[in-house]
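Report on the structure given below.
When a residue number appears, it is its place in the shown sequence, counting from 1. Predicted model, so just to flag it, every value in this text is computed and none were measured.
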Amino acid sequence: MCMAVIRQQTAAGRVPTLLLHSCCAPCSSATLEWLSQYFQITVFYYNPNISMEEEYRKRVAEQKRLIAAYNAQNLYYPIDVIEGDYETEAFYQIAKGLEQCHEGGERCFACYELRLRKTAQLAADMGADYFTTTLTISPLK
């Protein structure tokens, strides 16, 4: 599907916009390198499941550092970043009653849904042509 979209947009001489939800800098690195050849990307860092705000801030900073380093190379289209709100209560609400679920189980799917709904809403608000997530390539998810 992605290659068909890329071929269609390229043939039309168009650079579509893409909102990319990122779970972390390491999982976004290869995705950004490849997709930035074809899309004007805005990364949306949103992870309400990180319980310690200090850890959340470290991860946001690393995401921003990666994007700044990438943009400094001027390889393709520049990448923007939006930092989502630190909303642990949203995660706790969707995880209530699922505390004993194993990693990769029902609690994770509820968390994916929370993050993707937020990403889809932001994509619509921004008028982005497409949105996706790095969660689909994470070796841990």
Side-chain angles (χ1 to χ4, degrees), residues 1-10 12-141:
M1 173 68 165
C2 185
M3 286 308 299
V5 167
I6 289 170
R7 279 192 290 278
Q8 177 187 24
Q9 297 294 327
T10 303
R14 189 164 180 279
V15 180
T17 57
L18 173 70
L19 182 64
L20 175 66
H21 166 264
S22 178
C23 61
C24 64
C27 286
S28 70
S29 60
T31 305
L32 290 172
E33 185 175 339
W34 192 78
L35 289 176
S36 66
Q37 299 174 67
Y38 308 103
F39 295 90
Q40 180 64 52
I41 300 172
T42 299
V43 170
F44 177 45
Y45 183 87
Y46 177 64
N47 286 313
N49 62 322
I50 300 172
S51 61
M52 295 181 60
E53 187 169 1
E54 180 182 357
E55 180 65 23
Y56 184 88
R57 298 289 167 219
K58 284 181 190 178
R59 293 182 189 204
V60 168
E62 184 59 17
Q63 183 73 72
K64 290 177 179 179
R65 187 203 63 76
L66 173 71
I67 291 169
Y70 182 86
N71 285 339
Q73 295 178 34
N74 294 314
L75 297 176
Y76 302 109
Y77 300 102
I79 300 167
D80 293 320
V81 63
I82 295 173
E83 179 182 336
D85 295 330
Y86 180 64
E87 300 178 322
T88 54
E89 282 305 313
F91 172 73
Y92 294 144
Q93 287 175 3
I94 62 101
K96 190 170 181 78
L98 304 172
E99 294 86 356
Q100 301 307 312
C101 292
H102 66 282
E103 183 71 18
E106 191 176 343
R107 182 182 62 233
C108 288
F109 287 108
C111 186
Y112 300 157
E113 181 178 356
L114 171 65
R115 291 189 265 181
L116 287 173
R117 284 188 186 279
K118 187 86 162 190
T119 304
Q121 184 60 58
L122 180 57
D125 292 347
M126 293 173 55
D129 296 310
Y130 303 97
F131 78 93
T132 191
T133 181
T134 61
L135 290 170
T136 60
I137 62 149
S138 172
L140 302 175
K141 301 295 173 191

Could you tell me the separation between the [atom1] atom of [X] and the [atom2] atom of [Y], rounded to the nearest 0.5 Å?
X      : Y     : atom1 : atom2 : value
Glu53  : Glu55 : CD    : CD    : 12.0 Å
Leu35  : Gln40 : CG    : CD    : 12.5 Å
Phe131 : Leu20 : CZ    : CG    : 11.5 Å

Just so I know, are the side chains of [X] and [Y] near enough to count as touching, which here means a heavy-atom distance under 4.5 Å?
X      : Y      : value
Cys24  : Thr134 : no
Arg107 : Phe91  : yes
Thr31  : Thr132 : no
Arg59  : Tyr45  : yes
Asn47  : His21  : yes
Ile41  : Val43  : yes
Lys118 : Arg115 : no

Any donor-acceptor N or O pair under 3.5 Å, side chains Ser36, Tyr70: yes
Flag for Tyr76-Glu33: side-chain donor and acceptor within less than 3.5 Å: no
Evaluate the salt bridge (charged side-chain N to carboxylate O under 4.0 Å, His left out) criterion for residues Arg117 and Glu113: first the C-alpha distance (whole Å), next the side-chain angles of each, then the deciding distance (0.1 Å), finally the verdict. CA-CA 6 Å; Arg117 284 188 186 279; Glu113 181 178 356; 2.8 Å; yes
Quick one: closest heavy-atom pair of [X] and [Y], and the distance?
X     : Y     : answer
Ile67 : Ile79 : CG2-O, 3.5 Å
Tyr56 : Gly84 : OH-O, 3.0 Å
Ile6  : Tyr38 : CG2-CD2, 3.4 Å
Tyr92 : Ser51 : OH-CB, 3.6 Å
Pro26 : Ser29 : O-OG, 2.9 Å
Ser28 : Leu66 : OG-CD2, 3.6 Å

Begin from the C-alpha positions of Arg14 and Asp129 and carry the test side chain to side chain contact (heavy atoms under 4.5 Å, CB included) through to its verdict. CA-CA 11 Å; Arg14 189 164 180 279; Asp129 296 310; 2.9 Å; yes
If the test is side chain to side chain contact (heavy atoms under 4.5 Å, CB included), which one of Leu114, Leu116, Leu122, Thr133 qualifies with Tyr46? Leu114
Are more than 12 heavy atoms, taken from residues, nucleotides or ligands other than [X], located less than 6.0 Å from that residue's [atom1] atom?
X      : atom1 : value
Glu99  : CD    : yes
Glu54  : CD    : no
Glu106 : CD    : no

Verdict with reasoning, Met126 to Thr17, per side chain to side chain contact (heavy atoms under 4.5 Å, CB included): CA-CA 10 Å; Met126 293 173 55; Thr17 57; over 6 Å; no
Taking Pro78's backbone N and O only, do any of them form a donor-acceptor pair with Asn71's side chain (distance below 3.5 Å, no angle check)? no
Under 3.5 Å donor-acceptor, Thr10 side chain and Arg7 backbone: no
Taking Glu83 first and then Arg57, would you say they form a salt bridge - that is, a charged N and a carboxylate O separated by under 4.0 Å? yes
